[in-house]
Amino acid sequence: MIELIKNTQAYRLLQRECAGGTNSHAYLLLFDDGRNLRYTLKEFAKVLFGCEDADDWSEDVNAKKRISKLIDEDSFSDCLIYPAEGKKLAVEDAEKIREESLLSPIEGDKKIFIIGDFAEANVQTQNKLLKLLEEPPKGIVFLLGATTVFPVLPTVLSRTKKMEILPFDIGEVTNALGRIYQDKYDAATLEICAAASGGVLGEAQNILEGGYYKTLIENAFTLCLADSSRLPAAVRAVGETKHKNELLSLLRLIFRDALLVKTDKAPCKKAVLLRSEKSRIEQVAKAYTLSALLHAQEEIAKAELQVQFNAVFPQCIQLCIANIRRGPVKMDG
């Protein structure tokens, strides 16, 4: 995971600001990975404490390693993490943070409050921290995390500096899974889970460990290869799946690979990502016109937006596939 984080623009930005002494007193890290958000915030906190490179050759390398280890263990006195694991930030937590912020750092001149996932905090809790975020005591730095920005109050956004980690590409997620799980899973399985994750490592881990990646890939190809007469039955078979976003991510990738195969050019075929599903990708390429495959990404984007706003998924997915098969609608004039 750390390899992915250290290559993000957000991480490098924070390093530059800390090196130049221009870091803010309050940051909001937007990272759509609930499973790994807390871990990521700790890595960013290490940058603020200057102990992210604990293997350097500086004289205080042992001190850096010690702080880094204590942050990992949630036990560094000047790095306080809220809320408790598995809990949502509550008004009581906000009050504790306010009280703790009045106490001077113990080991240095800086005390950091890690708060994640801030998007889950209710309005009352967020409001409780507004004044503190705007004018914190000397030496206090806030590092807020959020998986989505929409529930965060505009007044909170205006008092924090926003950093964002965008979804990773499939190759990066696949490689990260390989490092995490070693030889426990074959390469094709890791690739499918990475593809279904939408670039979110934590989601890929959930898919992999949950064992439902085989069902996802079967559902995705069933929908893609169903003709107009069989599409309603295929949609009913999928139903109100719990893994809507993952299924849409796989559909996006299948149609993308099918488009590359449809062009029938060697360089394009080499760029196919779902290589373990080559035969079925070729079936999809044959089943759709070139214009339909070009149009597919637009329709899937519409479906993703509809799902975000709680559309009825079976209707949404049936309309999406039907529109792809029909191809782009020509406008008069």
Side-chain angles (χ1 to χ4, degrees), residues 31-35 147-148 150 166-174 177 189-228 230-262 272-274 276-277 280-281 283-285 287-288 292-328:
F31 184 35
D32 186 17
D33 187 344
R35 175 166 175 159
T147 52
T148 177
F150 300 112
L166 299 173
F168 303 108
D169 67 42
I170 293 170
E172 289 176 317
V173 176
T174 302
L177 292 174
T189 297
L190 298 182
E191 188 176 75
I192 289 171
C193 293
S197 73
V200 179
L201 177 60
E203 195 55 53
Q205 291 175 274
N206 292 339
I207 295 169
L208 190 60
E209 294 170 10
Y212 52 87
Y213 52 90
K214 292 181 181 178
T215 301
L216 273 174
I217 198 74
E218 290 303 320
N219 285 344
F221 275 108
T222 296
L223 290 168
C224 290
L225 294 171
D227 58 28
S228 299
R230 293 187 294 126
L231 181 57
V235 170
R236 285 195 299 273
V238 173
E240 274 289 350
T241 175
K242 295 179 180 178
H243 312 295
K244 302 177 179 64
N245 292 326
E246 296 91 328
L247 183 58
L248 287 169
S249 293
L250 266 179
L251 288 173
R252 179 183 290 282
L253 186 58
I254 289 170
F255 283 118
R256 176 251 185 210
D257 281 357
L259 176 61
L260 296 178
V261 170
K262 191 79 171 180
V272 169
L273 292 170
L274 285 178
S276 61
E277 296 293 336
R280 288 199 283 190
I281 292 292
Q283 290 180 50
V284 175
Y288 291 80
L293 292 175
L294 287 167
H295 181 59
Q297 301 302 316
E298 180 182 341
E299 288 298 329
I300 293 173
K302 290 179 183 177
E304 289 171 334
L305 185 61
Q306 290 166 353
V307 167
Q308 184 177 334
F309 288 98
N310 299 316
V312 178
F313 188 70
Q315 295 177 5
C316 175
I317 200 69
Q318 182 167 340
L319 183 62
C320 174
I321 299 298
N323 285 344
I324 292 171
R325 279 198 168 276
R326 186 173 65 239

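- Looking at Leu248 and Ile317, their side chains come closer than 4.5 Å, going by heavy atoms from C-beta outward.
- What you find for Glu191 and Ile170 is that their closest heavy atoms are O-CG2, 4.4 Å.
- Within the 4.5 Å cutoff, the side chain of Arg326 has heavy atoms near those of the Asn323 side chain.
- In plain terms, the two heavy atoms of Leu250 and Ile192 that are nearest each other are CD2-O, 4.2 Å.
- Once rounded to the nearest 0.5 Å, the distance linking SG of Cys224 with CG of Asn219 reads 11.0 Å.
- Considering only heavy atoms from C-beta on, Glu203 comes within 4.5 Å of Asn206 through its side chain.
- Across Ile254 and Ala220, no two heavy atoms sit closer than the pair CD1-CB, 3.6 Å.
- Looking at heavy atoms from C-beta onward, Asp32 lies out of side-chain contact with Pro167 at the 4.5 angstrom threshold.
- To the nearest 0.5 angstrom, Arg325 atom CZ is 6.0 Å from Ser228 atom OG.
- Taking the six-membered ring where tryptophan is involved, the planes of Phe168 and Phe31 are perpendicular, since the angle between them exceeds 60° and thus also 30°.
- In this structure, the side chain of Glu218 does not engage the main chain of Thr215 through any donor-acceptor pair within 3.5 Å.
- Residues Phe255 and Ile321 meet the side-chain proximity criterion, which asks for heavy atoms closer than 4.5 Å.
- The shortest non-hydrogen separation linking Thr222 to Ala234 is CG2-CB, 3.8 Å.
- Side-chain contact between Ile217 and Phe221 is present, with heavy atoms from C-beta onward closer than 4.5 Å.
- Looking at Lys302 and Cys320, their side chains never come closer than 4.5 Å, going by heavy atoms from C-beta outward.
- Separation of atoms CD1 (Ile207) and NZ (Lys214) is listed at 15.0 Å; rounding is to 0.5 Å.
- The shortest non-hydrogen separation linking Ala258 to Ala285 is O-CB, 3.5 Å.
- Side-chain atoms of Gln318 and Gln315, non-hydrogen and from C-beta on, never get closer than 4.5 Å to each other.
- The OH atom of Tyr288 lies 11.0 Å from the NZ atom of Lys262; values are rounded to the nearest 0.5 Å.
- Residue Tyr212 holds its OH atom at 5.0 Å from CD of Glu246, rounded to the nearest 0.5 Å.
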*Show your reasoning for whether side chain to side chain contact (heavy atoms under 4.5 Å, CB included) applies to Leu260 and Ile281.*
CA-CA 10 Å; Leu260 296 178; Ile281 292 292; over 6 Å; no

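- The minimum heavy-atom distance linking Asp33 with Gly202 is given by the pair OD2-N, 2.9 Å.
- The CG atom of Leu223 sits 6.0 Å away from atom CG of Leu247, with the distance rounded to the nearest 0.5 Å.
- Taking a cutoff of 4.0 Å between a charged side-chain nitrogen and a carboxylate oxygen, Glu299 and Arg252 do not qualify as a salt bridge.
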